[in-house]
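What follows is one structure encoded as structure tokens, with my remarks underneath.
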Amino acid sequence: MDSPLQAWRDTLEELGVMGLVREPVVAALKPALPASAPRPASGPALGPTRRPAEAPPRPAPRPAPAAATAYTPPTDPVGCPPPEAVAAAATLPELEKAIQGCLACPLGPGRLKFVFGEGSPQARLMLVGEGPGRDEDLQGRPFVGKAGELLDKMIGAIGMKREETYIANVVKCRPPDNRTPSPDEARTCLGYLHRQIELIQPVVIVTLGATPLRELVGLSEGITKVRGQWKRVRVGGREIPVMPTFHPAYVLRQYTQDVRRAVWEDLKAAKAWIDRPAED
Ligand code: URA
């Protein structure tokens with residue numbers, strides 16, 4: 001029962017994509033940039049809906065604390081890395097070294113570990129989440145808790161490995177009680193994410209949930225409305241296609257076949273764009 005094949009079947013079942021019929025590569029991914037890649041007409045056949053025992057209860061939304069505006073950051077270059085130092089970092093390790101002591105926003109002093117991001121420096125697929133949670137704060141790595149386990153399965157379901165991708169967050173330090181980072185906190189950290197994107201030069205960015213869509217792409221529309229629709233972001237003079245999808249934590253809370261299939265289709269569209277034949 002524990003064979004790799006069984007594990008693969010379990011993963012596909014959990015993502016609600018068992019029993020699917022092989023679909024043609026998304027035809028709309030042909031144009032220069034996927035302005036509005038439509039979804040495939042026929043979705044995969046319905047699979048079993050198995051709710052994982054570990055699905056956490058829906059947390060109550062929490063407002064950003066007023067303390068975010070009262071914080072006085074340090075002025076030294078370690079606590080507050082200047083933009084020139086960020087721009088001068090020529091590799092991801094150099095960038096991490098330059099910013100890992102950051103205390104530029106109120107999240108810095110509260111962290112256990114700085115969560116820089118991880119993955120292949122040559123990743124074609126970059127996934128951007130919101131910010132570290134408890135497990136990530138403890139380990140200093142992005143998406144290692146329950147949401148991360150699901151993210152790994154989602155990546156596996158499109159035939160990729162986590163190590164082939166690059167995973168980062170809008171903010172690098174854990175917001176207290178896992179609240180949404182405030183716009184000020186996100187803005188303070190955004191230059192780091194931009195530099196990561198410039199260094200990695202991904203072919204596609206998948207944003208996970210509303211926060212990276214709002215802070216990185218500048219779109220405040222509801223994620224339910226825009227998921228699955230190609231967007232784009234300009235970073236370092238390059239325009240990069242962005243595929244917005246649900247955050248894995250949302251998928252765990254709304255563990256329906258529709259939600260799981262939506263994420264799977266979004267990731268499939270991203271993969272199809274990465275794999276498209278080179279243009280003449
Ligand atoms: N949620 C996120 O947005 N990022 C993580 O790294 C973990 C959970």
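Values reported hereafter were calculated over all heavy atoms of this structure, with side chains retained and with hydrogens, waters and symmetry mates removed. Every value quoted in this text rests on a predicted model; they were computed, and no experiment measured them. Residues: numbered from 1 along the sequence shown. Both ligands and their constituent atoms are indexed starting at 1 by order of listing.
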- Item | Glu198 and Arg195 ion-paired at < 4.0 Å |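 Yes.
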
- Query: Hey, are Arg187 and Asp184 close enough for a salt bridge, meaning a charged N less than 4.0 Å from a carboxylate O?
  - Reply: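 A salt bridge links Arg187 with Asp184.
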
- Item | Within 45° cone of Trp273 ring axis and under 6.0 Å: Arg276 NZ or CZ |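 Satisfied, under 6.0 Å and within 45°.
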
- Item | Contact check: Asn169 vs ligand 1, nitrogen or oxygen atoms, below 3.5 angstrom |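 By distance alone, the answer is yes.
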
Could you list which atoms of ligand 1 come closer than 4.0 Å to a heavy atom of [X]?
X	answer
Pro142	6 (O)
Gly129	3 (O)
Glu130	2 (C), 3 (O)

- Message: If the condition is salt bridge (charged side-chain N to carboxylate O under 4.0 Å, His left out), which residues does Glu163 pass it with, not counting sequence neighbours?
- Response: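 With sequence neighbours excluded, Glu163 shows a salt bridge (charged side-chain N to carboxylate O under 4.0 Å, His left out) to no residue whatsoever.
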
- Task: Mind telling me whether Phe116 and Tyr166 have parallel, tilted or perpendicular rings, with 30° and 60° as the class edges?
- Result: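 Perpendicular: the ring planes of Tyr166 and Phe116 meet at over 60°.
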
- Message: I'd like to know if His247 contacts ligand 1, where contact means a heavy-atom distance under 4.0 Å to any ligand atom.
- Response: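 Contact present.
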
- Query: Would Gly131 count as a contact of ligand 1 if the rule is a heavy atom under 4.0 Å away?
  - Reply: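 Checking ligand 1 against Gly131, which is what was asked, there is a heavy-atom contact under 4.0 Å.
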
